[in-house]
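Computed from a predicted structure; not experimentally measured.
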Amino acid sequence: GVASNQRASLTTRDAQALANGSGLLAAVVPELQSGRQIKHRNRNAWLQVVGTTPDYMRVNGAKLHYGRMFTDGDDAARRRVVVLGAGVPASLGESPEMLIGQTIQIGTLPFEVIGLFERRGAALGPGASPDDQLYIPVSTAQYRLLGTDRLSSIVVQVHPGVSLEQGMVDIDHVLRREHRLRPGEDNDFMVLNRRQILEVQARATEVFSYLLASIAAVSLLVGGIGIMNIMLVSVTERTREIGVRKALGATRGNIMLQFLIESLTMGMIGGLCGIALGALGAYVLAQLAGFSVFISLSAVSLAVACSVAIGLFFGIWPARRAASLDPIEALRHD
């Protein structure tokens, strides 16, 4: 379930109802999320704090890099303990291993750092990256830090052998009963599975790839036309030279090969310049935005091959035009 302005907020009572009322769910993990000021020594940052349960690791596939995960006992006692995402130490200007056992301030409360997750990358769906979040027991978040039982979401895992569709139907049944919705009334909650999120992301990536391919195709077409125009001007300006070469015994194939080589060279030089500019732009973006950039040899090779192919294709017509010139008329050209 996901809460929004148009829908009823989920509560810890809904999470308990799912845990007790559904036989298809292996784990039910309530989550409270809120932004808070995080302080450590003379450094501070505004980060997302997530109140959750020890089952968070199993349901979300998270692994610890240092320390431990909080336990059900920590949750029941509402202890002020926190597990950090992999990116949080950098935000606080501290090395990861040195933070374990230290105290950081979340809002106005001190919390002991007991663990650090391994890096997981971008979030699956909307929201901040899990690497830039802090994780505390849900009871601590509910009663000590956030002061609410309103959940941001409830993440569940079905038992092995149970299909996602069956689990979603069971969740729908339990929550409709818990929210006292009559038959025919619309749900005041949403049930999503990560497969659906992946499909949406895959479609968005596909559309974006087509868009980039279209832009690249237009750029290649414009570049090819530019090469062709330059070669046509070159043929016009060197008409007399072509006539002299033909008078000295050059064949149509020799003339055509000469201009094709020039066109190929022009395309390759343009491709190499584009690769250099692209690599420089990627490096600058990585420095400014903190992105990790990897330039693969296969991508560079493909770019060079496309540039050469464009030079060859758009150089054929000027080369044939040069090769077909009559040597007598060419010699008369001023």
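- Gln157 is not listed as a side-chain neighbour of Asp55, based on a closest heavy-atom distance of 4.5 Å or more.
- Both Leu232 and Ile225 sit in one connected hydrophobic cluster of ILVMFWY residues. Membership requires side-chain heavy atoms under 4.5 Å apart, directly or through other members.
- Atoms CZ and CE, from Arg68 and Met57 in turn, are 12.0 Å apart once rounded to the nearest 0.5 Å.
- One finds the OH atom of Tyr143 at 10.5 Å from the OG1 atom of Thr148 (value rounded to the nearest 0.5 Å).
- Here CG of Leu109 is found 10.0 Å from OG1 of Thr140. Values are rounded to the nearest 0.5 Å.
- The CZ atom of Phe314 sits 8.5 Å away from atom CD1 of Ile227, with the distance rounded to the nearest 0.5 Å.
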Report the C-alpha distance between Arg43 and Glu94 in whole Å, list the side-chain angles of each, state the deciding distance to 0.1 Å, and finish with yes or no for salt bridge (Lys or Arg N to Asp or Glu O under 4.0 Å).
CA-CA 9 Å; Arg43 298 291 294 269; Glu94 189 67 86; over 6 Å; no

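- The neighbour count for Ile328 CD1, taken as heavy atoms of other residues, nucleotides or ligands under 6.0 Å away, does not exceed 12.
- Between the CD1 atom in Ile114 and the CE atom in Met69 there is a gap of 7.5 Å [rounded to 0.5 Å].
- For the pair Ser22 (side chain) and Leu18 (backbone), a donor-acceptor distance under 3.5 Å is absent.
- One N or O on the side chain of Gln102 and one on the backbone of Met98 form a donor-acceptor pair closer than 3.5 Å.
- Listed by chain and number, the residues in a side chain to side chain donor-acceptor pair (under 3.5 Å) with Glu237 amount to none (sequence neighbours excluded).
- Pairing each heavy atom of Ala15 with each of Ile154, the nearest pair is N-CD1, 3.8 Å.
- In this structure a side-chain-to-backbone donor-acceptor pair under 3.5 Å is missing from Arg150 to Thr11.
- With sequence neighbours excluded, the residues satisfying side-chain contact (heavy atoms from CB on, under 4.5 Å) with Ser234 are Arg238, Phe259, Glu262.
- Asp131 contributes no side-chain N or O that, together with a main-chain N or O of Gly85, makes up a donor-acceptor pair within less than 3.5 Å.
- Leu84 is listed as a side-chain neighbour of Ile104, based on a closest heavy-atom distance under 4.5 Å.
- At least one donor-acceptor pair closer than 3.5 Å links the side chain of Arg176 to the backbone N or O of Glu185.
- At least one side-chain heavy atom of Leu10 sits under 4.5 Å from a side-chain heavy atom of His179.
- Side-chain contact between Phe70 and Arg79 is absent, with no heavy atoms from C-beta onward closer than 4.5 Å.
- Enclosure of atom CZ in Arg36 by more than 12 non-hydrogen atoms of other residues, nucleotides or ligands within 6.0 angstrom is indicated.
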Residue pair Thr251, Met256: steps toward the side chain to side chain contact (heavy atoms under 4.5 Å, CB included) verdict:
CA-CA 9 Å; Thr251 64; Met256 190 166 184; over 6 Å; no

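- With sequence neighbours excluded, the residues that form a ring pair (Phe, Tyr, Trp, His ring centres under 6.0 Å) with Tyr135 are Tyr56, Phe117.
- Side-chain N/O atoms of Ser139 and Asp75 include a donor and acceptor closer than 3.5 Å.
- With hydrogens and angles disregarded, a donor-acceptor distance shorter than 3.5 Å links the side chain of Lys246 to the backbone of Ala323.
- Considering only heavy atoms from C-beta on, Leu64 stays 4.5 Å or farther from Leu116 through its side chain.
- Of the possible donor and acceptor atoms, none in the side chain of Thr52 sits under 3.5 Å from a partner among the backbone N and O of Glu31.
- Note on Met231 and Met268: separate hydrophobic clusters, where clusters join Ile, Leu, Val, Met, Phe, Trp and Tyr whose side-chain heavy atoms are under 4.5 Å apart, directly or indirectly.
- Taken to the nearest 0.5 Å, the CG atom of Leu32 stands 9.5 Å off from the CG atom of Leu145.
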